[in-house]
**Q** 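There's a structure below that I have some questions on.
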Amino acid sequence: MTVTASAGLDIRALLTDGSHLIGPDWVPAVSGETIDVTNPATQEILLRVPRGGAADVDAAVQAAAAAFPAWRDTSPAVRAELLTAWAGLCREHGTELSTLESLEVGHPYWGPSPVARTLTFVAGMADKVTGQTLPSAQPDVLGMTIREPYGVCGCIIPWNVPGPIMVTDVAPAIATGNTVVVKPAEDAPLTCLLLAKLALEAGIPPGVINVVTGYGPEAGAALPAHPMVRRMGFTGSPETGTKIMEACAANLVPLHMELGGKAPQIVLADADLDRAIPAIVGSITLNTGQVCAAGSRVLVGRDRQAELVERVAGAFGRVRVGPWHEDVQMGPLISAKQEARVLGYLGIGQQEGARLVTGGHKLTGGAYDKGFFVEPTIFDEVRPDMRIAQEEIFGPVLSVLSYSDEEEALAIANGTRYGLNACIWTRDIGRAVRLARGVQAGSVTINGFGSRGVIGAPWGGYKHSGFGRTMSAESILDFTQLKTVVINA
Ligand code: ADP
């Protein structure tokens, strides 16, 4: 599908300028201040959103707490119907949701938003959350467990894929009777606001989903610090995750966190490079490398290293880079801050002595001058201890490392603080299974990248990539707490 710059999207007709959602009302920030949300490909202002702070978060938490008792007591079957209705509206508005996300994040149009599928999956689970009856030593005593919601949940969302991540956290929370306050990222809050608007239109009662926009240290920090928030979910950087966990620790609030990665792609000697190379290229250029799952490290045996690097470099040269609406495969980075970070790593890689194979620069001239465009970049001869092999760059920068045997490949794969996901490329199923078991990561794909259409695959990390799992049937239970009830006849 070809899309024009705005795709005919009238953002002001979809969303109210300068407002976020508290209970039933679209309101400005208590301070009256706003944040400009810009298109990263052109720097045009798309809309202003409230610069929320502690007072706005408090109002939203109060609204969520007020909505909680009735929502908790709503039949799970009705909650399922309302989630299904929300899914229906998201399907109907799938192009608008996706276009809005492309406009604020800068990624190419990926087709209608997938959020409706997630909502449908969760809706199907809403009325299947059950407890157990327990064995008893007394014939006239009945023991059982029931699953209950926590109350008000806080969800802090990153800017890279805001729509899918918001739904991944919010849908299971509300399916099980919790109410939520969402804090979208300041760089890309619009898709989250539109999703909340569609939820209201679908009949989900006001106060069940609230959205407070604002900066991380202001609105974001106020959310886990609020004493009425009973559970948190966070996707973002490990550094911010640590702060959120500290705030949760002070209130003894449980949470799940997804904190990024440095995914290894282990290419064994018998790998089918015709399949592997397009997937490797896609895995690091997807969303301009700004995905926590980015396949940012290729580990290859020395005998195939030159061939692999040459072929990946050729494929990188064919990646069309530009503004998202211009039939491209890779858009800009989201912000000047992100561009400075990526360009910094391009310098660090060269200072550390890695071999720059292709890319390495900011793109300039014409449309490139309006946005934060960088070349897809390959560093070869990267050592495992280099910063470009250890740190999450969040840009289209691929590090190629070599290994001499399977044991060393595994040691390098596991030799970072992260452990979100990994890919293994081989025709030998025995080795694939052995490596899949050995890799310290929450998700391993053999001969592919990502979950490849598998439905309900749990998603989350080992080590500094976080803890807890989203997207799966089990993750819905994570939004409930277990109560034991004993009936003494
Ligand atoms: P990035 O640096 O790429 O923006 P972050 O992890 O800082 O990544 O941001 C992810 C989300 O966390 C955003 O919604 C951001 O506003 C929020 N955030 C940032 N700092 C804090 C903080 N101190 N407390 C709570 N949320 C925060």
Side-chain angles (χ1 to χ4, degrees), residues 35 37-41 46 49 97-111 113-115 118 155-170 182-195 213 215-216 220 233-241 244 256-263 282-296 321 323-324 328-342 345 371-374 376 391-397 418 420-421 443 449-451 459-461 464-466 470-471:
I35 300 171
V37 182
T38 54
N39 177 337
L46 299 169
V49 295
L97 282 165
S98 243
T99 304
L100 193 58
E101 192 171 277
S102 283
L103 275 167
E104 61 178 342
V105 178
H107 65 61
Y109 181 78
W110 291 333
S113 172
V115 299
T118 307
C155 306
I156 297 181
I157 311 296
W159 46 260
N160 61 338
V161 214
I165 294 178
M166 167 167 158
V167 163
T168 295
D169 266 9
V170 168
V182 177
K183 209 301 280 177
E186 51 273 33
D187 287 326
L190 304 182
T191 314
C192 294
L193 289 167
L194 180 56
L195 280 167
T213 54
Y215 292 115
F234 172 69
T235 304
S237 64
E239 290 69 28
T240 302
I244 289 170
H256 70 268
M257 301 208 284
E258 203 268 76
L259 305 175
K262 194 74 190 171
S283 79
I284 191 68
T285 54
L286 177 74
N287 209 6
T288 322
Q290 302 168 120
V291 285
C292 39
S296 51
V321 184
W324 69 275
V328 295
Q329 290 148 319
M330 201 178 95
L333 295 162
I334 189 154
S335 62
K337 178 181 156 201
Q338 192 57 23
E339 182 187 84
R341 177 187 170 91
V342 172
Y345 277 106
F372 310 110
F373 294 93
V374 292
E391 299 174 16
E392 186 178 45
I393 297 173
F394 233 54
V397 184
Y418 291 106
L420 186 60
N421 60 311
S443 176
F449 171 71
S451 57
W459 180 251
H464 283 209
S465 291
T470 59
M471 295 196 191

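Every heavy atom of this structure was used, including side-chain atoms; hydrogens, water molecules and symmetry mates were not. Residues take their numbers from the sequence shown, with the count starting at 1.
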**Q** From Ile244 CD1 over to Ile156 CD1, what is the distance, rounded to the nearest 0.5 angstrom?
**A** 3.5 Å

**Q** Whether the side chain of Ser465 engages the backbone of Leu259 through a donor-acceptor N/O pair (distance < 3.5 Å, no angle test) should be reported.
**A** no

**Q** Look up atom CD in Glu258 and atom CG in Leu420, then write down how far apart they are to the nearest 0.5 Å.
**A** 5.0 Å

**Q** When rounded to the nearest 0.5 angstrom, what is the spacing between SG in Cys155 and NE2 in His256?
**A** 7.0 Å

**Q** Ignoring hydrogens and angles, tell me if any N or O in the side chain of Ser443 forms a donor-acceptor pair with the backbone of Trp459 under 3.5 Å.
**A** no

**Q** State whether the side chain of Gln338 and the backbone N or O of Ser335 hold a donor-acceptor pair below 3.5 Å, judged by distance alone.
**A** no

**Q** What closest approach, in Å, do Pro108 and Ser102 show between heavy atoms, and which atom pair accounts for it?
**A** O-OG, 3.4 Å

**Q** Looking at every non-hydrogen atom in both residues, tell me the closest pair between Ser98 and Gly111 and how far apart they are.
**A** OG-O, 2.5 Å

**Q** Roughly how far, to the nearest 0.5 Å, is CE of Met166 from OG1 of Thr118?
**A** 12.0 Å

**Q** When the side chains of residues 183-192 are checked against the rest of the protein, which donor-acceptor pairs come out under 3.5 Å, sequence neighbours left out?
**A**
from   : atom 1 : to     : atom 2 : distance (Å)
Lys183 : NZ     : Glu186 : OE1    : 3.3
Lys183 : NZ     : Gly214 : O      : 2.8
Thr191 : OG1    : Glu104 : OE2    : 2.5

**Q** Checking Gln329 side chain against Thr285 main chain: does a donor-acceptor pair fall under 3.5 Å?
**A** no

**Q** Which atoms form the tightest heavy-atom contact between Val105 and Ile334, and what is the distance?
**A** CA-CD1, 4.0 Å

**Q** Please lay out, stage by stage, how Trp110 and Leu286 fare under the test side chain to side chain contact (heavy atoms under 4.5 Å, CB included).
**A** CA-CA 10 Å; Trp110 291 333; Leu286 177 74; 3.8 Å; yes

**Q** If I take atom OG1 from residue Thr38 and atom CG from residue Leu103, how far apart are they, to the nearest 0.5 angstrom?
**A** 11.0 Å

**Q** Going by ring pair (Phe, Tyr, Trp, His ring centres under 6.0 Å), name the residues that satisfy it together with Trp159, two or more places apart in sequence or in a different chain.
**A** Phe394

**Q** Between the side chain of Lys262 and the main-chain N/O of Glu391, is any donor-acceptor distance below 3.5 Å?
**A** yes

**Q** Provide the closest heavy-atom pair for Pro396 versus Val342 in the form atom of the first, atom of the second, distance.
**A** CD-CG1, 4.5 Å

**Q** Can you tell me if Glu392 uses its side chain to pair, donor with acceptor, with the backbone of Gly261 under 3.5 Å?
**A** yes

**Q** Mind checking the OG-CG spacing from Ser113 to Leu100? Nearest 0.5 Å is all I need.
**A** 10.5 Å

**Q** Can you name the nearest heavy-atom pair linking Val291 to Asn160, along with the distance?
**A** CA-ND2, 3.7 Å

**Q** Does any non-hydrogen side-chain atom of Tyr418 lie less than 4.5 Å from one of Pro238?
**A** yes

**Q** Any idea which heavy atoms bring Val321 and Phe373 closest together, and the distance?
**A** CG1-CD2, 3.9 Å

